[in-house]
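Right, one structure below, let's go through it.
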Amino acid sequence: MPMRLVTFGVANSLDNFIARQDGAVDWLVWDDEVAQITNKFWKTIDTVVMGRKTYEVAARSGSGAYPGVKNYVFSRTLKQLPGNKVEVVSREAVEFVRQLKQEAGKGICVMGGGELAHSLFQANLIDQIGLNIQPVMLGTGIPLFHEIKKQVDLDLLEHKTLKSGGVFVFYRVKKTESDA
């Protein structure tokens with residue numbers, strides 16, 4: 001059985017921030033073109049994992065749960081969330097995602113959250129990266145990538161210039177024998 005693919009999917013500013021310092025994402029362009037790309041990707045996954053901070057931003061703008069997929073939030077402080085649309089995971093994210101990859105199912109999306117993605121990159125668990133690069137420079141904010149202790153080589157799988165002036169890029173992470 002092939003392993004499930006883990007994709008880090010996020011929108012970012014040209015200067016590589018995923019949100020303003022206060023977590024605001026009011027600068028994001030969401031239009032029909034982005035919705036079409038997102039819907040195409042959404043058909044390839046059945047699981048979303050996110051950190052507590054990403055969940056809290058999503059919860060402020062709706063339920064915090066993404067529809068039609070299993071939602072996991074990694075948190076040491078959240079205990080239980082209302083409803084049953086999101087499962088809080090208090091154990092270590094790397095081992096949990098490693099186990100998810102072994103289970104049957106579609107792909108897994110790491111939604112937003114540079115801190116969560118950082119730990120998964122360090123553990124060689126990210127297989128793909130999808131970026132919706134917005135035509136804005138924020139100057140400061142929450143960084144897209146945190147310092148990684150190694151080089152990560154990528155193969156470009158897809159790219160598209162958006163009518164908004166943004167760019168969508170989709171990469172496969174090249175795996176080396178030492179990553180196994």
Side-chain angles (χ1 to χ4, degrees), residues 1-13 16-19 23-75 81-89 93 96-121 125-135 142 144-145 154-173:
M1 174 176 62
M3 272 202 244
R4 299 165 75 183
L5 294 176
V6 176
T7 302
F8 177 40
V10 68
N12 60 290
S13 64
N16 282 331
F17 294 106
I18 59 174
V25 291
D26 56 307
W27 48 274
L28 288 178
V29 173
W30 181 266
D31 57 19
D32 290 342
E33 195 172 24
V34 172
Q36 184 179 16
I37 291 168
T38 303
N39 289 337
K40 177 183 167 192
F41 171 70
W42 217 246
K43 292 175 183 169
T44 70
I45 67 166
D46 63 8
T47 305
V48 168
V49 296
M50 64 189 115
R52 177 191 52 81
K53 294 174 192 170
T54 298
Y55 168 77
E56 288 174 347
V57 170
R60 283 195 295 269
S61 62
S63 73
Y66 292 92
V69 297
K70 181 71 178 158
N71 291 265
Y72 294 101
V73 175
F74 294 98
S75 176
L81 298 169
N84 60 355
K85 295 179 179 179
V86 177
E87 184 177 327
V88 176
V89 178
F96 187 84
V97 172
R98 187 172 280 129
Q99 180 182 337
L100 278 180
K101 281 186 74 142
Q102 302 293 327
E103 296 173 2
K106 293 182 175 182
I108 301 162
C109 181
V110 179
M111 190 63 67
E115 290 177 39
L116 175 58
H118 175 261
S119 65
L120 299 177
F121 271 115
L125 290 173
I126 304 273
D127 301 299
Q128 302 176 131
I129 304 169
L131 299 177
N132 175 358
I133 304 167
Q134 302 282 295
I142 298 170
L144 170 61
F145 295 110
L154 308 169
D155 280 327
L156 181 64
L157 298 176
E158 185 179 346
H159 62 87
K160 180 176 181 162
T161 303
L162 306 175
K163 292 177 187 138
S164 67
V167 178
F168 168 74
V169 293
F170 197 71
Y171 293 97
R172 179 181 61 83
V173 175

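Values reported hereafter were calculated over all heavy atoms of this structure, with side chains retained and with hydrogens, waters and symmetry mates removed.
By the 4.5 Å heavy-atom criterion applied to side chains, F8 and L120 are not counted as neighbours. For the pair V89/V73, no side-chain contact is recorded, criterion being any heavy-atom separation below 4.5 Å from C-beta on. Side chains of L5 and I108 form no contact here, defined as non-hydrogen atoms less than 4.5 Å apart. Contact check for I37 versus N132: no side-chain heavy atoms found under the 4.5 Å cut-off. Side-chain contact check for I142 versus F17: every heavy-atom pair is 4.5 Å or farther apart. Taking the side chain as every heavy atom from C-beta outward, I129 and F121 approach each other to under 4.5 Å. Side chains of I126 and V110 form a contact here, defined as non-hydrogen atoms less than 4.5 Å apart.
Nearest heavy atom pair, residue A93 against residue L116, reads CB-CD1, 3.6 Å. Contact between A65 and V86 at its shortest, heavy atoms only, is CB-CG2, 3.5 Å. The two atoms that bring P135 and S164 nearest to each other are CG-O, 3.5 Å, heavy atoms only.
In terms of the side chain to side chain donor-acceptor pair (under 3.5 Å) criterion, E33 has no residue partners (sequence neighbours excluded). Under the ring-ring contact (aromatic ring centres under 6.0 Å, His included) criterion, Y72 pairs with F96, not counting sequence neighbours. Applying the side chain to side chain contact (heavy atoms under 4.5 Å, CB included) criterion to Q99, with sequence neighbours excluded, gives R91, E103. Remark: D26 engages R20 in a side chain to side chain donor-acceptor pair (under 3.5 Å) (not counting sequence neighbours). Every residue two or more places apart in sequence or in another chain that forms a side chain to side chain contact (heavy atoms under 4.5 Å, CB included) with V88 is listed here: S75, L78, L81.
Separation of atoms NE2 (H159) and OH (Y171) is listed at 9.0 Å; rounding is to 0.5 Å. To the nearest 0.5 angstrom, I18 atom CD1 is 11.5 Å from M111 atom CE. The structure places OG1 of T38 at 3.5 Å from CH2 of W30, a figure rounded to the nearest 0.5 Å. Taken to the nearest 0.5 Å, the CD atom of E87 stands 10.0 Å off from the CG atom of N71.
The backbone N or O of F170 sits nowhere less than 3.5 Å from a side-chain atom of Q128 that would complete a donor-acceptor pair. Remark: the backbone N or O of G9 is not paired with any side-chain donor or acceptor of T7 at under 3.5 angstrom. N16 contributes no side-chain N or O that, together with a main-chain N or O of L144, makes up a donor-acceptor pair within less than 3.5 Å. Side chain of D127 to main chain of V6: a donor-acceptor pair is present (N/O by atom type, distance under 3.5 Å, no hydrogens or angles).
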Which atom pairs, donor and acceptor, lie under 3.5 Å between side-chain atoms of residues 41-51 and protein residues at least two apart or in another chain?
{"residue": "W42", "atom": "NE1", "partner": "P67", "partner atom": "O", "Å": "3.3"}
{"residue": "T44", "atom": "OG1", "partner": "F41", "partner atom": "O", "Å": "2.6"}
{"residue": "D46", "atom": "OD1", "partner": "R4", "partner atom": "NH2", "Å": "2.5"}
{"residue": "D46", "atom": "OD2", "partner": "K106", "partner atom": "N", "Å": "2.9"}
{"residue": "T47", "atom": "OG1", "partner": "R4", "partner atom": "NH2", "Å": "2.7"}

